[in-house]
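Just so you know, ligand 1 is whichever comes first in the structure, and atom 1 is the first atom listed for that ligand. Reckoned from all heavy atoms, side chains included, excluding hydrogens, waters and symmetry mates. The structure displayed is predicted, hence computed values, not measured ones.
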Amino acid sequence: MKIKDKSFKVLINEEELQKKIASIAKQINKDYKGKSPLFIGILNGSFMFVADMMKHVKLESKVSFIKLSSYSNMSSSGSIKELIGINENVFKKDIIILEDIIDTGLTMASVTEEFKERGASSVEIATMLLKPNSLQVELDIKYVGFEISDEFVVGYGLDYDGLGRNTRDIYQLKPS
Ligand code: IMP
């Protein structure tokens, strides 16, 4: 696949993705039995992950989205911007954050901190992808879909310069 000047190859296909998402949801159904967690997706990248995940969640639960961005183009800027759309009351709620990818971990560190400050009973993270070698902070990540190398990825919600979100597979940048 080509996006602008870059070429990408399939890294994780639709079937592998969907299998993994179903198994994470199954685990969440088990771990949160009898509870009513609030799922919070991080826009824009998580929209497909959230949609597919929620089809398997059997719990009485709410879904909401927030937006923030520390990323422009292909490298993390490292600076955290404000949360937008956090109007759902998280006080005394069990929060499960649904994220597309964790790179430096700075975004997730600040989001979890914010929810804890707002009095959430518990805050856990479910991420579709994790780049363990890029992590800059200590993060307790309860649910991880796939651990991947540091190479840039697109597809299934993830973008390169705003493009490439609308695919069923996840693609990795081909070395030039
Ligand atoms: P972090 O704060 O460095 O963990 O950045 C997380 C955010 O960076 C994600 O929500 C993505 O929006 C973006 N990101 C990190 N790595 C990639 C990538 O390989 N492709 C597309 N977006 C990425």
Would you mind telling me which of Ile170, Ile12, Asp103 makes a side-chain contact (heavy atoms from CB on, under 4.5 Å) with Val153?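 When side-chain contact (heavy atoms from CB on, under 4.5 Å) is applied between Val153 and each of Ile170, Ile12, Asp103, only Ile170 qualifies.
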Would you mind running through ligand 1 and noting each atom that sits below 4.0 Å from a heavy atom of [X]?
X: Thr107; value: 1 (P), 2 (O), 5 (O), 6 (C)
X: Glu99; value: 10 (O)
X: Leu106; value: 2 (O)
X: Phe152; value: 18 (C), 19 (O), 20 (N), 21 (C)
X: Asp159; value: 21 (C)

Hey, what's the ring geometry for Phe152 with Phe8, parallel, tilted or perpendicular (30° and 60° as the breaks)?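 Phe152 vs Phe8 ring planes: tilted.
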Looking at side-chain heavy atoms only, is the closest gap between Asp140 and Thr112 below 4.5 Å?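 Asp140 vs Thr112: side chains apart.
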Answer with yes or no whether [X] contacts ligand 1, where contact means a heavy atom under 4.0 Å from a ligand atom.
X: Gly45; result: no
X: Ile101; result: yes
X: Val153; result: yes
X: Lys131; result: yes
X: Leu173; result: no

Surrounding NZ of Lys9 (heavy atoms of other residues, nucleotides or ligands, distance under 6.0 Å), is the total greater than 12?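 Result for NZ/Lys9: enclosed.
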As an exercise, state the distance from OG of Ser122 to CD1 of Ile96, rounded to the nearest 0.5 Å.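 Result: 7.5 Å between the selected atoms.
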Between atom CD1 of Ile141 and atom CD1 of Ile97, what is the distance when rounded to the nearest 0.5 Å?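 One gets 10.5 Å once the value is rounded to the nearest 0.5 Å.
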Is Lys131 salt-bridged to Asp150, going by a charged N under 4.0 Å from an acidic O?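 Salt bridge absent between Lys131 and Asp150.
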Are the charged groups of Glu16 and Lys20 less than 4.0 angstrom apart, N to O?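 No salt bridge links Glu16 with Lys20.
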Regarding ligand 1, does Asp100 bring an N or O atom to under 3.5 Å of one of the ligand's N or O atoms?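 Such a contact does occur with ligand 1.
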Counting only nitrogen or oxygen atoms and a 3.5 angstrom limit, does Gly105 reach ligand 1?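 Yes, since at least one N or O of Gly105 sits under 3.5 Å from an N or O of ligand 1.
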